[in-house]
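One structure is given below, encoded as structure tokens.
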Amino acid sequence: GAVVSQHPSWVICKSGTSVKIECRSLDFQATTMFWYRQFPKQSLMLMATSNEGSKATYEQGVEKDKFLINHASLTLSTLTVTSAHPEDSSFYICSARVAAGGPHEQYFGPGTRLTVT
Amino acid sequence: AQSVSQHNHHVILSEAASLELGCNYSYGGTVNLFWYVQYPGQHLQLLLKYFSGDPLVKGIKGFEAEFIKSKFSFNLRKPSVQWSDTAEYFCAVNATWKGGGNKLTFGTGTQQKVE
């Protein structure tokens with residue numbers, strides 16, 4: 001149980017275009033989903049927290065107009081990288097937590113490799 | 001703000017050697033502690049977690065970790081590593097505070113290779 005999927009697993013796009021990444025909890029309902037970014041040989045950096053039906057909470061330094069997050073249902077959150085630039089190339093990972101507010105671990109997706117040319 | 005530091009960035013061990021990876025955090029309040037593992041080409045998986053109770057926690061694949069509150073540490077151990085333990089290991093802290101704050105902060109990771 002507790003499987004999180006991401007789609008696509010990798011994507012190449014041209015500079016200036018937008019890319020949407022989906023994160024789904026396959027066998028549980030996720031009240032909260034998280035989006036992370038991982039640079040090569042570095043740790044995961046939290047970008048934003050999204051709760052179903054409400055606006056995402058972005059971490060300091062993350063542009064909310066560039067990284068649009070939608071958490072429309074308890075099993076789906078999307079991250080849209082708008083007007084992508086080469087510096088947005090990275091590994092994007094989502095995770096899902098079952099219950100809001102409690103000390104529950106997060107279940108991670110396999111990640112999406114974004115390359116902007 | 002909470003922070004997590006992992007002292008060893010790269011560790012190389014021989015099979016059957018013992019493993020200990022250090023993790024220290026900075027936060028004065030209540031914390032939940034985790035160790036995650038990322039095998040080559042795979043996603044993050046939970047190895048073990050500490051919420052409360054016995055500070056020595058046992059996880060999957062023979063791993064264990066000890067929470068020492070006075071040292072703000074949560075070191076990961078395994079008595080005898082196998083080649084299949086080659087992976088990157090991340091320590092993470094989830095600090096809880098009044099008002100609903102609840103965020104997972106990761107350490108920089110330790111690349112562990114078994115030869």
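Residue numbers start from 1 in every chain, and the chains themselves are labelled A, B, ... in the order their sequence lines are given, proteins ahead of strands.
If you measure heavy-atom distances from B:Leu44 to chain A, the contacts under 4.5 Å come from both the backbone and the side chain. Residue A:Gln60: no heavy atom, backbone or side chain, is found under 4.5 Å from chain B. B:Gln45 does not touch chain A: none of its heavy atoms, backbone or side chain, sits under 4.5 Å away.
Both A:Ile21 and A:Tyr58 sit in one connected hydrophobic cluster of ILVMFWY residues. Membership requires side-chain heavy atoms under 4.5 Å apart, directly or through other members. With hydrophobic clusters built from ILVMFWY side chains whose heavy atoms lie under 4.5 angstrom apart, A:Tyr36 shares a cluster with B:Tyr36. Hydrophobic clustering, with ILVMFWY side chains joined whenever heavy atoms are under 4.5 angstrom apart, keeps A:Val19 apart from A:Met33. Both B:Leu19 and B:Tyr39 are assigned to one and the same hydrophobic cluster, defined by single-linkage of ILVMFWY side chains at heavy-atom distances under 4.5 Å. Linking ILVMFWY side-chain heavy atoms closer than 4.5 Å, directly or via other members, places A:Phe91 and A:Trp35 in two distinct hydrophobic clusters.
Around the NE2 atom of A:His7, the shell of radius 6.0 Å holds no more than 12 heavy atoms that belong to other residues, nucleotides or ligands.
For the options B:Gln38, B:Gln6, B:Gln42, heavy-atom pairs under 4.5 Å to chain A are most numerous at B:Gln38. Listed options A:Leu46, A:Leu44, A:Val4 were ranked by heavy-atom pairs under 4.5 angstrom with chain B; first place goes to A:Leu44.
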Below 3.5 Å, can you tabulate the donor-acceptor pairs from side chains in residues 108-117 of chain A to any protein atom, sequence neighbours excluded?
from	atom 1	to	atom 2	distance (Å)
A:Thr112	OG1	A:Gln6	NE2	3.1
A:Thr112	OG1	A:Pro8	O	2.6
A:Thr117	OG1	A:Cys13	O	3.3

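Proximity of A:Gln106 to B:Leu104: side-chain heavy atoms (C-beta onward) are separated by under 4.5 Å at one or more points.
In this structure, CG on B:Asn94 lies 6.5 Å from CZ on A:Arg97, to the nearest 0.5 angstrom. The NE2 atom of B:His43 sits 11.5 Å away from atom OG of A:Ser95, with the distance rounded to the nearest 0.5 Å.
Inspection of non-hydrogen atoms places B:Phe106, B:Gly107, B:Thr108 of residues 106-115 of chain B under 4.5 Å from chain A.
In this view, B:Ile68 and B:Glu66, B:Ser70, B:Lys71, B:Ser73 satisfy the side-chain contact (heavy atoms from CB on, under 4.5 Å) rule, not counting sequence neighbours. Remark: A:Arg37 engages no residue in a salt bridge (charged side-chain N to carboxylate O under 4.0 Å, His left out) (not counting sequence neighbours).
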